[in-house]
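Atoms considered below: every heavy atom in the structure, side chains included; atoms not considered: hydrogens, waters and symmetry mates. No experiment lies behind these values; they were computed from the predicted model shown. Atoms within each ligand, like the ligands themselves, are counted from 1 in listed order.
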Amino acid sequence: MPPLLDQHGRPLRNLRLSVTDRCNLRCQYCMPEEHYTWLPKGDVLSFEEVVRLVGVFASLGVDKVRVTGGEPLLRADLPVLVGMLARVPGIAELAMTSNGVLLREHAAALRAAGLQRITVSLDTLDAATFRLLARRDDLSRVLDGIAAAREAGFRDLKLDTVVIAGVNDGELPALLDYARGIGAELRCIEYMDVGGATHWAPERVVSRARILERLSAAFGTIRALPRTDSAPAERFVLGDGTVFGIIASVTQPFCATCDRARLTADGMWFRCLYAVTGTDLRALLRSGASDAQLAAVIQSAWQARRDRGAEERAALADRRPLLPQASLRQNPHLEMHTRGG
Ligand code: SAM
Ligand code: SF4
Ligand code: SF4
């Protein structure tokens, strides 16, 4: 079958699968508010529904699935879902992004169920900064979760750091040192103005260029590695061979090669992180649509896709948070923690 391509010739290969909108942290850049509108419990897809949709996506070319949230480890029996996903024909890569707080409890079961890779979000190594950033006192649990992932046999561990000016940018060398020490790959992410980032401001973004400056001041010459695929991270190497990545979604968007789509826990399918409308696949599923009907809807929506959200945002003269809190309250699908990042 020829690959399914959108209006810019981009295939559909990568599915971020949010399994819950709930989270046990409250990161400033993602969930800074006191109150949220949650997805109704009855709307959240069952494991069978999720696996059926993933099967349809796989039949259209998706071969990478990343389980995310909210915090995915808050979804009851996640290893059972992972086991079911691991058996979907065509899924070559099954990964998860987690904040790590509950990883000690679940790492071994996830590994046994067939999860291949884990990315842990780690923004700081300082307990006070963690408390400030995530509004919970859980740094030691996150670090222990990372250790548990390694003990459970996860290789290619990645650590994702959202860099915020004046908050954790001074810690970049320490974070890279830590990652190097445990054989993980650090990825520095520019602070994005996505839905939910209601405290975003341009001056809080630490650019790719600034991140490189800081790291080369600490570690000497940095060399860029050639890009090998459509992955968002640009990869670099230090003189001693340590590899790290930068995800420059704000200053150097990579929409041109974007093959990612997102499915929320209640089955809303978004074709861009910045998209304000999606396709309600739960409604279709629950109205009795066949796999062929679901595939036809997905196929035509992907073929019509023109999204280049981050590039459009970068072209704005006066850039502010994407959406006001009132819109997010009315439509939680617009939140980063619902879409899964
Ligand atoms: N709770 C899990 C976690 O934090 O790893 C998974 C979901 S979280 C929404 C996925 C990723 O989105 C995290 O790595 C997080 O750092 C990133 N993220 C959230 N808000 C962001 C923002 N405003 N800019 C850049 N990255 C953001
Ligand atoms: Fe932080 Fe992830 Fe929770 Fe957002 S979903 S508040 S990034 S832990
Ligand atoms: Fe893809 Fe949208 Fe992100 Fe651009 S902004 S890389 S099109 S998800």
Side-chain angles (χ1 to χ4, degrees), residues 6-8 10 12-33 36 66-75 95-103 118-124 130 133-136 138 142 145-146 158-164 168 186-201 204-206 230-233 246-250 252-262 264-265 270-276 278 305-315 321-323 335-341:
D6 72 4
Q7 290 292 307
H8 297 298
R10 300 169 295 186
L12 170 58
R13 290 198 57 196
N14 221 303
L15 187 67
R16 311 267 165 128
L17 189 67
S18 174
V19 293
T20 180
D21 60 333
R22 312 296 158 119
C23 193
N24 45 2
L25 297 182
R26 288 290 180 275
C27 303
Q28 264 189 30
Y29 50 77
C30 178
M31 300 186 78
E33 308 300 335
Y36 284 94
R66 176 168 294 274
V67 175
T68 175
E71 172 47 38
L73 297 177
L74 290 179
R75 179 77 190 247
M96 178 183 75
T97 299
S98 162
N99 64 29
V101 175
L102 297 170
L103 209 42
I118 294 186
T119 298
V120 179
S121 299
L122 179 71
D123 300 320
T124 178
F130 189 97
L133 252 177
R135 289 188 288 158
R136 300 289 185 270
D138 280 331
V142 174
I146 292 170
K158 293 200 170 70
L159 302 178
D160 279 7
T161 301
V162 178
V163 191
I164 304 186
N168 62 347
L186 183 74
R187 300 194 310 173
C188 307
I189 306 178
E190 289 180 350
Y191 182 11
M192 295 171 71
D193 55 345
V194 285
T198 46
H199 294 195
W200 187 89
R204 304 193 75 196
V205 177
V206 182
S230 66
I246 299 182
I247 303 185
S249 327
V250 177
Q252 288 193 9
F254 34 82
C255 302
T257 55
C258 175
D259 58 4
R260 286 174 295 286
R262 294 170 165 82
T264 64
F270 289 100
R271 292 169 286 285
C272 178
L273 200 44
Y274 287 92
V276 288
R305 176 184 190 244
R306 293 181 179 281
D307 300 77
R308 298 182 84 117
E311 287 180 0
E312 286 164 15
R313 299 288 300 165
L322 181 69
L323 295 160
E335 299 270 10
M336 181 74 151
H337 71 265
T338 308
R339 299 198 170 183

Considering only protein heavy atoms, which is closest to atom 20 (N) of ligand 1, and at what distance to one decimal place? Y29 CD1, 3.3 Å
Please state which part of V194 comes within less than 4.0 Å of ligand 1, counting heavy atoms only: side chain, backbone, both or neither. side chain
From CA spacing to verdict: side chain to side chain contact (heavy atoms under 4.5 Å, CB included), C255, R10: CA-CA 9 Å; C255 302; R10 300 169 295 186; 4.2 Å; yes
How close does the nearest protein non-hydrogen atom get to atom 4 (Fe) of ligand 2, and which residue and atom is it? C30 SG, 2.4 Å
Has ligand 1 got any nitrogen or oxygen that is less than 3.5 angstrom from a nitrogen or oxygen of M192? yes
Would you please say whether a donor-acceptor pair under 3.5 Å links the side chains of D193 and Y274? yes
E71 and T20 side chains, donor-acceptor separation under 3.5 Å: no
What are the two closest heavy atoms between G70 and S18, and how far apart are they? N-OG, 4.3 Å
As an exercise, identify every atom of ligand 3 less than 4.0 angstrom from a heavy atom of R260. 6 (S)
I'd like to check which ligand 1 atoms, numbered from 1 as shown, lie under 4.0 Å from a non-hydrogen atom of N99. 2 (C), 3 (C), 5 (O)
Below 4.0 angstrom from a heavy atom of C255, which ligand 3 atoms are there? Numbered from 1 as shown, please. 4 (Fe), 5 (S), 6 (S), 7 (S)
Non-hydrogen side-chain atoms of T264 and D21 separated by less than 4.5 Å: no
Please lay out, stage by stage, how D160 and R187 fare under the test salt bridge (charged side-chain N to carboxylate O under 4.0 Å, His left out). CA-CA 5 Å; D160 279 7; R187 300 194 310 173; 2.9 Å; yes
Strictly under 2.8 Å, is any N, O or S atom of C23 next to atom 3 (Fe) of ligand 2? yes
Looking at atom 7 (S) of ligand 3, what's its closest protein heavy atom, distance included? D307 O, 3.6 Å
Considering C258, A314, A275 one by one, which has a heavy atom nearer to atom 6 (S) of ligand 3 than any of the others? C258
Could you identify the single nearest non-hydrogen protein atom to atom 11 (C) of ligand 1 and state the distance to 0.1 Å? G341 CA, 4.4 Å
Would the distance check show the side chain of R305 and the main-chain N or O of R271 forming a donor-acceptor pair, the cut-off being under 3.5 Å? yes
Under 4.0 Å from a heavy atom of R262: which atoms of ligand 3 are those, numbered in the order shown and with their elements? 8 (S)
CA sep, side-chain torsions, deciding dist, call: D138, F130, side chain to side chain contact (heavy atoms under 4.5 Å, CB included): CA-CA 8 Å; D138 280 331; F130 189 97; 3.9 Å; yes
On a heavy-atom basis, the closest approach of A197 and Y29 is CB-O, 3.4 Å
Looking at atom 17 (C) of ligand 1, what's its closest protein heavy atom, distance included? M336 CE, 4.1 Å
Counting from 1, what ligand 3 atoms have a heavy atom of Y274 closer than 4.0 Å? 5 (S)
Could you check L102 against L74 for side chain to side chain contact (heavy atoms under 4.5 Å, CB included), going step by step and ending with a plain yes or no? CA-CA 8 Å; L102 297 170; L74 290 179; 3.6 Å; yes
Could you tell me, atom by atom, which parts of ligand 2 come under 4.0 Å of a heavy atom of G70? 5 (S)
Hey, is the main chain of L122 close enough, under 3.5 Å, to the side chain of T161 for a donor-acceptor pair? yes
Please check whether T68 reaches ligand 1 - meaning an N/O of the residue sits under 3.5 Å from an N/O of the ligand, judged on distance alone. no
Does one side chain, of R308 or H8, offer a donor that lies under 3.5 Å from an acceptor on the other? yes
Is the shortest N/O to N/O distance between S98 and ligand 1 below 3.5 Å? yes
Just to check, does R339 reach to within less than 4.0 Å of ligand 1 when the distance is taken from its heavy atoms? no
Who's the nearest protein heavy-atom neighbour of atom 3 (Fe) of ligand 3, and how far? L273 CB, 4.3 Å
Chi angles and distances behind the side chain to side chain contact (heavy atoms under 4.5 Å, CB included) call for K158, I118: CA-CA 7 Å; K158 293 200 170 70; I118 294 186; over 6 Å; no
N, O or S of C272 under 2.8 Å from atom 2 (Fe) of ligand 3: yes
Closest non-hydrogen atom pair between G309 and C272, with its separation: N-SG, 3.7 Å
Considering only heavy atoms of Y191, which atoms of ligand 1 have at least one such atom less than 4.0 Å away? 23 (N), 24 (N)
So for E71, does at least one of its heavy atoms come nearer than 4.0 angstrom to any atom of ligand 2? no
Check ligand 2 against M31 and write out every atom of the ligand that is under 4.0 Å from a heavy-atom position of the residue. 6 (S)
For atom 16 (O) of ligand 1, what is the closest protein heavy atom, and at what distance to 0.1 Å? V162 CG2, 3.2 Å
Starting from atom 5 (S) of ligand 3, find the nearest protein heavy-atom neighbour and note its residue, name and distance. A310 N, 3.0 Å
Between M96 and R66 the two heavy atoms that sit nearest each other are O-NH1, 3.4 Å
Considering all heavy atoms of both residues, which atom of T198 and which atom of E33 are nearest to each other, and what is their separation? OG1-OE2, 2.5 Å
Look only at interatomic distance and state if S121 has a nitrogen or oxygen under 3.5 Å from any nitrogen or oxygen of ligand 1. yes
Proximity of C27 to ligand 2 by residue part, where a heavy atom lies under 4.0 Å: both
List ligand 1 atoms under 4.0 Å from A197, heavy atoms only on the residue side. 23 (N)
Checking side chain to side chain contact (heavy atoms under 4.5 Å, CB included) against V120, which of I146, N99, V101 comes through? I146
Atoms of ligand 1 close to E71 [distance to a heavy atom under 4.0 angstrom, numbered from 1]: 1 (N), 2 (C)
Kindly identify the option in G340, G70, S249 whose heavy atom sits closest to atom 6 (C) of ligand 1. G70
